[in-house]
2 protein chains.
Amino acid sequence: MKGCVQCAVRMNTILAGLTPEELAEVEELLVHQQLKKGEVIFCEGEKMHGSYIVKSGAVKLYKRSREGERQILRVLKEGEIAGLCALRAKSNYGHTAETMEKSILCYLNKNKLDKLLSLNEDLSSKFLKVLADEIDRAYEKIYLLGTKSAKEKMANFLMSLAAGKDEPVEDGIELRLAMSRDDIADMLGISTETAIRVLSEFKDKDLISGQGKYLIIDDVDELEKVD
Amino acid sequence: MKGCVQCAVRMNTILAGLTPEELAEVEELLVHQQLKKGEVIFCEGEKMHGSYIVKSGAVKLYKRSREGERQILRVLKEGEIAGLCALRAKSNYGHTAETMEKSILCYLNKNKLDKLLSLNEDLSSKFLKVLADEIDRAYEKIYLLGTKSAKEKMANFLMSLAAGKDEPVEDGIELRLAMSRDDIADMLGISTETAIRVLSEFKDKDLISGQGKYLIIDDVDELEKVD
DNA sequence: CGCTATATTGAAAGCGGTCAATGCCTGTGG
DNA sequence: CCACAGGCATTGACCGCTTTCAATATAGCG
């Protein structure tokens, strides 16, 4: 468990910045979990019991219909939190969370989280910012899904991945997609085939190159103008 | 200004439940505004300065692209809050807010709101719940936009309006849409013509009746099963 | 009472989805 | 080490839903 506190301090999570006493408190609240790729952390409709800080790896949040249609709502990376709905009054998870690769998570029990929040107003303030940021991100996604074509969605997706990198490789921006074509399609609200076709078209037009999970953006300017 | 405090108490807002002293505090923070239909409260990209509680009327939040495509993110009714992004670190509104009818708003300056939040942990807790609820709502919308057909979106929209009413009129549920076909289309991420055509089809199939802003859901069960 | 915005309908074109076949890549067992 | 199975990626053909463009109809408003 000591490791959890260590990681809370080192990591760029909302828990960073707590006082030593608070961390001692936190120590009792955190539970480490190591999960393999493809494991379900919690499931839509399941009774809600807490949140999970992603310490390493990646987690996708999604909803699925009875017919199997799936929409990926969000991909969480290191330092982000799954199950924020633990802060709500309602008591069931509204979506499913699943690891996309081997991941380490810190579990925060809801009751203890609530207690911690009521003790520490600075932590509340941080959570408010995290939630408000998440709303903004969600609004942006609603906008993209509601108004953009498949090509525009894909271009936007590739550029959002590129935004993380500040080291433009010699000729372009190198990306490694940590997900399948299927996942990409379900993030963008298009079919897998369309996703693949759009990528192929981008390659034909020399906007991108590479293959499989390793892609290179060769022409950012043109990608921005896709139409 | 006294009226603001009165309304804060009476209204079902997050400000309800504050102690008398806190309300006295709030009194200085609130500013009333009466706006006509179609007035812009704040604009995407504009420097952020505060939030607005909707006291009466309705407010739509939307984003718009350079080409004029518009996506309505959310419609706020009495008691809800526009400009929640005031809680974030970033300093610009991420979307535009505009009244959909004559509305009364209470303005909450950001700095004072922050102060109030730091003074009152219960208020922080309420805001956390409001924000978490909003995230859930946004996720649901992402799911609908990403996976559903025009008909399904419309059916879902009509039923969500019906959900507010508990008095099923003799033969069906009476709805009065407080918005144009254009607005509906931009909420669902479809074209105006498609929105109208879907409504016409529903009428042909006797799922709904009525015209203009007054519609009646005649067959909820069938509407739920729409394709 | 005309004017302008909104609502409605038609026809044609295009984007994206579905179905189907094939290729590719990896892990596994013989 | 190789063959094979299963999953993922890719491409083609075709179809249907949505959009777009255009023409009216209708309604709210000054």
Side-chain angles (χ1 to χ4, degrees), chain A residues 36-38 60 65 67-72 100-102 144-158 175-205 208-215 226-227, chain B residues 36-38 60 65 67-72 98 100-102 144-155 157-158 175-205 208-215 226-227:
Chain A
K36 289 178 301 190
K37 173 179 176 173
K60 58 188 168 193
S65 71
E67 299 81 41
E69 304 158 305
R70 185 184 61 152
Q71 177 64 44
I72 295 183
M100 302 175 72
E101 49 190 81
K102 194 165 90 168
L144 291 173
L145 286 175
T147 65
K148 300 304 182 186
S149 69
K151 290 177 201 172
E152 289 171 305
K153 288 176 184 172
M154 182 64 77
N156 181 287
F157 167 70
L158 292 174
L175 306 176
R176 53 184 170 300
L177 313 181
M179 65 189 80
S180 68
R181 299 293 191 258
D182 220 31
D183 280 345
I184 296 174
D186 285 353
M187 286 186 66
L188 305 182
I190 61 182
S191 71
T192 309
E193 293 90 334
T194 296
I196 290 169
R197 264 184 263 272
V198 170
L199 284 175
S200 298
E201 187 185 328
F202 285 177
K203 284 177 194 170
D204 285 347
K205 294 182 177 170
I208 65 173
S209 54
Q211 60 159 353
K213 305 209 176 305
Y214 293 90
L215 295 180
V226 160
D227 138 54
Chain B
K36 291 178 300 191
K37 172 177 176 175
K60 58 187 169 193
S65 71
E67 300 79 44
E69 305 159 304
R70 185 184 61 152
Q71 176 64 44
I72 296 183
E98 178 183 325
M100 303 175 72
E101 49 189 83
K102 194 167 89 169
L144 291 172
L145 286 175
T147 65
K148 301 303 184 186
S149 70
K151 290 177 200 171
E152 290 172 304
K153 288 175 184 173
M154 183 64 77
F157 168 70
L158 293 174
L175 306 176
R176 55 185 166 298
L177 313 182
M179 65 189 81
S180 67
R181 300 291 192 258
D182 220 31
D183 280 346
I184 296 175
D186 286 353
M187 286 188 65
L188 305 181
I190 61 183
S191 72
T192 309
E193 293 91 332
T194 296
I196 289 168
R197 265 184 261 273
V198 170
L199 284 175
S200 298
E201 188 185 327
F202 285 177
K203 284 176 194 170
D204 285 347
K205 294 183 177 171
I208 65 174
S209 54
Q211 61 158 355
K213 304 208 177 305
Y214 294 89
L215 295 180
V226 161
D227 146 15

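All values reported here derive from a predicted model rather than from experimental measurement.
- A straight line from NZ of A/Lys37 to P of C/dG27 spans 11 Å, rounded to a whole angstrom.
- Atom NZ of B/Lys213 is surrounded by more than 12 heavy atoms from other residues, nucleotides or ligands within 6.0 Å.
- Helix-axis bend for the helix from C/dC1-D/dG30 to C/dG30-D/dC1: the local axis fitted to the five terminal pairs at one end deviates from that at the other end by 40°, rounded to 10°.
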Might you work through the side chain to side chain contact (heavy atoms under 4.5 Å, CB included) test for A/Asp183 and A/Arg70, ending with a clear yes or no? CA-CA 9 Å; A/Asp183 280 345; A/Arg70 185 184 61 152; 2.8 Å; yes
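- C/dG17 atom C1' lies 13 Å from atom CG of A/Asp186, rounded to whole Å.
- Between the CD1 atom of A/Ile184 and the C1' atom of C/dG16 there is a distance of 17 Å, given to the nearest Å.
- As rounded to whole Å, 13 Å separates atom C1' of D/dA9 from atom CG of A/Leu177.
- One atom, CD of A/Gln211, and another, C1' of C/dC24, lie 10 Å apart when rounded to the nearest Å.
- Taking the side chain as every heavy atom from C-beta outward, B/Lys153 and B/Leu145 approach each other to under 4.5 Å.
- In this structure, B/Arg197 does not pair ionically with B/Asp204, as no charged nitrogen and carboxylate oxygen lie closer than 4.0 Å.
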Verdict with reasoning, A/Gln71 to B/Leu144, per side chain to side chain contact (heavy atoms under 4.5 Å, CB included): CA-CA 9 Å; A/Gln71 177 64 44; B/Leu144 291 172; over 6 Å; no
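- Among D/dC8, C/dG16, D/dT18, the nucleotide with an atom closest to any side-chain atom of A/Ser180 is D/dC8.
- The CG atom of A/Asp182 sits 19 Å away from the P atom of D/dG6 (whole-angstrom rounding).
- Rounded to the nearest 0.5 Å, atoms CE (A/Met187) and NZ (A/Lys60) are 10.5 Å apart.
- Taken residue by residue, residues 190-198 of chain A places heavy atoms nearer than 4.0 Å to DNA chain D at A/Glu193, A/Ile196, A/Arg197.
- The line from CE of B/Met179 to CE of B/Met100 is 4.0 Å long, rounded to the nearest 0.5 Å.
- More than 12 heavy atoms of other residues, nucleotides or ligands lie within 6.0 Å of CD in B/Glu67, so this atom counts as buried by the packing criterion.
- Computed from coordinates, the A/Met154 CE to C/dC15 C1' distance equals 15 Å when rounded to whole Å.
- Comparing B/Lys203 and A/Ser149 by the nucleotide of DNA chain C whose heavy atom lies nearest to each, the residue mapping closer to the 5' end is B/Lys203.
- Out of C/dT8, C/dT9, D/dC8, the shortest distance to the side chain of B/Arg181 is found at C/dT8.
- When rounded to the nearest whole Å, the span between NZ of B/Lys151 and C1' of D/dT18 equals 11 Å.
- Dashed line: the shortest gap from a side-chain N or O of A/Lys213 to OP1 or OP2 of D/dC8 is not under 4.0 Å.
- Annotation: side chain of A/Leu188 is not in contact with side chain of A/Lys148 (no heavy-atom distance under 4.5 Å).
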